[in-house]
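Before any comments, here is the structure.
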Amino acid sequence: MILTDVEKAILDGKEGTLKQKALEFIVRYAKVLDAEKLCKVTKAHLFAGAHGYLRTVQRDVDNTISLMHFCSEETLPIKNIACYSQTDSGPMDPDQWEILGFTQEESRENQEYLDRYLRAGIHLVGSCIPYMLGFIPTRGEHYVSTESHAIIFMNSLWGACGNADGIEAAFCSAVSGRTPLWGNHIMDNRKGNILFHIESKPQTISDWDLVGFTVGKKIPSFSIPVLNGSFELPDSERMRSSFASMATTGGIELCHIVGLTPEAITLSDAFGGTVPKDAITITEKDISEAQDFLCSGNLGKIQFVSLGCPHYSIEQIKKVADFLSNKKVHEEVELQIWTAAPIKSIADKCGYTSIIFKAGGKLVCGSCPILTNKWPRNASGIAFDSVKQANYMKPRTGSTNLYYGSMEKCLEAAINGEWD
Amino acid sequence: MTIIFIKGRGAISGIAEGEALVAKESFQGDSAINFETGEIVQKGHILEGKNLAGSILVLAGGRGSTGWSCRLHAAAINGVGPAAMIFPKMDSRTAGAAAVLNIPVVTDLDKDPFMEINTGDLLRIDGDKGIVEIVQKN
């Protein structure tokens, strides 16, 4: 591997032990990839907080961070982040933890993590949608992110360069300021190689959500999809839902949409003049099979509804407020609407938060049920308007009926107390 | 029986032996493994119900969340992680996990591992020389 003098000095420990360990990890990662050199990272979006997988480690906070973020047995307090950084979603709403059923002790532990990150220079944004919250890597810019759909969004729509490296690699990049020059970081590697002909005519956010799930299911490993067809071009809300579900079932990091994303203005651009390795058609039947997989056919009562994955935009929150205005959520139903704290503050000012609250719903921030893992275990039915939530909750819910449907369908069910 | 060799590139050094868990469609990064017990819990996955502990994972690549590495990491810390991993090619999810687990890993193989290896086969991995041996077929 070719390393610069600065990188060699970091590996010699001239900039401290933490940075040395972080770069040692990045070099090991680069060798696994067979990368020839590293590139400078300008932005890092980091999965931070007292997340469930950390709790199993049962060590103190500094020791856990050292081991689980930097792969160091030696305790090395996190400090001196090398590039602009902000936090991804956490395990709870750091302000409204009590209404979600967390204990004071759990909140205190999470806060301990957040304090460490803040002192190290990481901004406590706490959201899976960094691209709507000041994290805007432009074409050719090298960033790291721990949110799978945000990587597809920023790579595909902006031409930014990020790989789905994982939590440890992202933290080590944030501290060392480097990532392997490999994969999506090299513009020549970003041409599509699998053509998806979308025959199903997706229109709604749900339609695009199900298209994403299906594309991810059908795509072979090591592939970059190109979506083509005579559909109406999706807006950013549709794309973020589609990318979120695509990233749960596939290993996708970049998705070209012909006529929309900048590296795919034409079909020929998308493939860089090469012939696709395969062509796959997504039909109405595929979409209804996905719907059947994700949504139980046993109709019945529900006790929990969660919306807002990816975190809702202010536009989506307004739609919820309009829907719930002068209505009441069923008394047996817990309704959670998830967003990012900066977006909730806009909703507060616009009066949407209080409309949702008066209807019996909660506008909560910085997490989601996958991460909080708080849902009524005695529920007979729970519902989501997100394929990502439904798909990831599926292995956890046992005999509880799991439902998937549009925002409107979920809100109706929350009001009626049943999925019909 | 004749020992079958697959040659490749050693991505992480070391030698390990164990039973293969093989999946051409990899499991997803979230809600696929119970990192306390090592059990694979992804609904409908070909390895659902199998246990990672001490296994040699043979997977096409990563899928799902970028938590692919950290959940395997938690499993390894809990003593129920895999002993080695084999990938036909690397992608960023699996490479990140390989660097984290720091267990023998062989990749860039000269044969299709999904044609040669079945779940339950006994494998020996040499991550220094980049060699996979199928010691005993299941």
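Side chains are part of it too, since the values below use all heavy atoms of this structure and drop only hydrogens, waters and symmetry mates.
With a 4.5 Å cut-off on side-chain heavy atoms, A/Arg396 and B/Ser31 count as touching. The shortest distance between side-chain heavy atoms of B/His73 and A/Val57 does not fall below 4.5 Å. Inter-residue side-chain proximity for A/Asp165 and B/Thr66 is flagged as unmet; no heavy-atom pair is nearer than 4.5 Å.
Heavy-atom pairs under 4.5 Å with chain B peak, among A/Met68, A/Met393, A/Glu253, at A/Met68. The candidate with the highest count of non-hydrogen atom pairs below 4.5 Å against chain B, out of A/Met246, A/Lys31, A/Glu168, is A/Glu168. Highest contact tally toward chain A, considering only B/Arg9, B/Arg71, B/Lys43, B/Gln28, is held by B/Arg9 [criterion: heavy-atom pairs under 4.5 Å]. Counting heavy-atom pairs under 4.5 Å between each of B/Gly62, B/Gly29, B/Ser92 and chain A puts B/Ser92 at the top. In terms of non-hydrogen atom pairs under 4.5 Å with chain B, the most contact-rich of A/Cys71, A/Gly250, A/Ala247, A/Ala30 is A/Gly250. The candidate from B/Ala74, B/Ala75, B/Pro88, B/Gly44 with the greatest count of non-hydrogen atom pairs under 4.5 Å with chain A is B/Ala74. In terms of heavy-atom pairs under 4.5 angstrom with chain A, the leader among B/Gly10, B/Ala11, B/Ala97 is B/Ala11. Between chain A and the options B/Asn34, B/Val100, B/Val41, B/Ile77, heavy-atom pairs under 4.5 Å are most frequent for B/Val100. Interface remark: of the candidates A/Ile252, A/Leu54, A/Asp34, A/Asp34 forms the most heavy-atom pairs closer than 4.5 Å to chain B.
Heavy-atom distances place both the backbone and the side chain of B/Asp91 under 4.5 Å from chain A. In this structure, no portion of B/Val105 lies under 4.5 Å from any heavy atom of chain A. With a threshold of 4.5 angstrom between heavy atoms, A/Asn184 does not approach chain B through any atom at all. In this structure, no portion of A/Ala169 lies under 4.5 Å from any heavy atom of chain B. Looking at A/Pro180, there are no atoms closer than 4.5 Å to chain B (heavy atoms on both sides), in backbone or side chain. Residue A/Ile26: no heavy atom, backbone or side chain, is found under 4.5 Å from chain B. If you measure heavy-atom distances from A/Lys388 to chain B, you find no contacts under 4.5 Å at all. In this structure, the portion of B/Glu25 lying under 4.5 Å from any heavy atom of chain A is its side chain and not its backbone. For A/Thr146, the parts lying near chain B are the backbone and the side chain together; criterion is any non-hydrogen pair under 4.5 Å.
Atom CD of A/Glu36 has 12 or fewer neighbouring heavy atoms from other residues, nucleotides or ligands inside a 6.0 Å radius. Within 6.0 Å of the CD1 atom in B/Ile46, the count of heavy atoms belonging to other residues, nucleotides or ligands does not exceed 12. No more than 12 heavy atoms of other residues, nucleotides or ligands shown are found within 6.0 angstrom of NZ on B/Lys50. Under a cut-off of 6.0 angstrom, the local environment of NZ in B/Lys129 is sparse, with at most 12 non-hydrogen atoms contributed by other residues, nucleotides or ligands.
A donor-acceptor distance shorter than 3.5 angstrom exists from the side chain of A/Tyr392 to the backbone of B/Ser65, with no hydrogens or angles considered.
Of all non-hydrogen atoms in B/Ser69 and A/Gly166, the two that sit nearest each other are OG-CA, 3.6 Å. Between A/Tyr53 and B/Phe35, the shortest heavy-atom distance links the atoms CA-CZ, 3.5 Å.
Checked against A/Ser221 for a side chain to side chain contact (heavy atoms under 4.5 Å, CB included), the options B/Arg63, B/Lys89, B/Arg93, B/Lys24 give a single hit: B/Arg63.
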- Yes or no on side-chain contact (heavy atoms from CB on, under 4.5 Å) for B/Asp30 and A/Thr248, after CA distance, side-chain angles and deciding distance? CA-CA 8 Å; B/Asp30 196 305; A/Thr248 70; over 6 Å; no

